[in-house]
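A, B, ... follow the sequence lines: proteins, then strands. Residue 1 opens every chain.
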Amino acid sequence: MVLTTAELHVDLAELLAAFRASLQADPIGGALRLETAPSLLGGATAPAKVDAADAVILVVVAGRSKTAAVKEAASRLSAAETLFLGSVLTEARNPVPWFLRSLLGVA
Amino acid sequence: MNIGLLLKIAFERKAWPIATLLIAALAASWMLINAEPVYVSGAKLWVRQRMESSELLRTQRTGAQSDTHINVQAQVIQSNRVMDGALDRADHLLQHTPSRSIRSKLRPPPPPTEAPVRLKCLKALARSVNVSIVNPEVLIVSAQMNDPKLAQSAVQAVIDEYQEASLQLALDEIKRHAEYLDKQGKEREADIATQQAELLAFEQRHPELGKTPIQDLSITSPTFAEQTTDVGAVPLITRQLAEMELKRNNLSATLAPGSYELRQLEAEIRQGQALLQNYLNALAEQGRMQVQHESMRWQLEQKRKAYASLVEEVQRLDLSRGSRIAEQSGITVLDPPSFDPEHIHPKKKATLMAAMVLGLIGGAGLGLLAHLLDPTVRYREALEASTGAPVLAVIPRKSWLKRHLGRRRAKPKLGEATG
């Protein structure tokens, strides 16, 4: 399985480590081979890695990843033969205070 | 767009409304500090329109909405004549009025070096004085100034001057008309004297006409000739002539045309006709003289009547003058100039509230614009909409402290993980 991004300069190491740590606890998850392929739109190796993988997850950094680039990457992944599982939003920030969220019952 | 996303956008862009709110509040405060307070004083006047006894003084109105007595009075109040007179009445209006804003209280401005120009004061007074028409007979004169006493005295001065000017205008009008009537009267007097002299001379030339009472020429003139034939010897001669002609006609049937009797009769008829003609001529000349005499007398009488109406008009003018002075030109002060120590401008609370509300709305708008122009993905909902695929996980951002601590601990593993 490949973790990819739309743009360059996105550090996936921490995310990959966290994934691996959570998967190692699971017997099936431990058999999975995880790789990173940053910059789907800018680099040459990322599309090849994606094509070779069984499944792909798009990593989007909140407040940094451009909407246009994310759309483009998603459309390419949907068009590829590899299974596009979905996306992960990192560094997300909820500016709504917790008490208001709990009061209104919104996420 | 659900409420969660709306709340996220609102809190994400909260800096905009807060900043604009603060800026608007500051701007409003600055305006309030520098604003000159405005106090208002008003007086209610009842301006009656008199029914003039003199025809000359009656004003013909066009019936247009602007051409009413009360509109004219409002224009008189706002005229330079009244304003100028009000300045003369209230000398202090000509002096420099110090600023009464909060700023000037905190830091008094330097005293003015020059006295204000009269024209400038006049313009300022005209700007600050306002006239509102309540109904066709009542109007309100108000003044807005930076001191309540000043506003009150300005209104008082304007009203006093208006009353005097109004009376003066009315009397001027009467004076003008009186002068005109006086001139007309003198001309007519001279005309009557001439006419009388001519009539006297005519009567002396024709003593036979006598001094008959004046008759209406329109009745006597067309039937005069008929009437003259009915007097004196004319009917007798006419009758005798008719009898002689009848006799001649009868004789001409029995006698020869050249007979002595017929010739004698015809000679008598000719003499009678000549006599009748002489009588008629004399009567026509006398009638003509009579007509001329009566015409002259009629003209004299008409001139006397015109002169009498002129004298009546002068008397009515005198009455109007008296009534105008008595009524103080028809202006009554219903409410004297008010004194209100509360200023009408600036309204501190309303100004601040309005500024804050506008700042908040403007800031919200700017925040929304900033969100719409933001090219990055920030929220789960936006990511789902952009990719069309499910969002598997949302990893929250670490706090500043956690980020720095975590980075130090994770540094040795980074190379391994990325490789």
Could you report the tightest heavy-atom contact between B/Q152 and B/S41, atom names first, then the distance? CA-OG, 3.4 Å
Could you tell me which portion of A/V60 (side chain, backbone, both or neither) has an atom closer than 4.5 angstrom to a non-hydrogen atom of chain B? side chain
Could you check whether any side-chain heavy atom of A/V70 comes within less than 4.5 Å of a side-chain heavy atom of A/L58, counting everything from C-beta outward? yes
Find the one option among B/G4, B/P375, B/A10, B/A382 whose heavy-atom pairs under 4.5 Å with chain A are most numerous. B/P375
Please determine, among A/A74, A/A92, A/A69, the option with the most heavy-atom pairs under 4.5 Å with chain B. A/A92
Is A/E35 salt-bridged to A/R33, cutoff N-O under 4.0 Å? yes
With chain A, which of B/A389, B/P396, B/A385 has the greatest number of heavy-atom pairs at distances under 4.5 Å? B/P396
Does any non-hydrogen side-chain atom of A/N94 lie less than 4.5 Å from one of B/K8? yes
Are there more than 12 heavy atoms of other residues, nucleotides or ligands under 6.0 Å from atom NZ of B/K14? yes
With a 4.5 angstrom heavy-atom cut-off, which part of B/L383 approaches chain A: side chain, backbone, both or neither? side chain
Relative to chain B, which segment of A/L104 carries a heavy atom at a distance below 4.5 Å: side chain, backbone, both, or neither? side chain
Does B/Y379 reach the side chain of B/V394, with side-chain heavy atoms less than 4.5 Å apart? no
Measuring heavy-atom distances to chain B, does A/I57 have an atom under 4.5 Å in its side chain, in its backbone, in both, or in neither? side chain
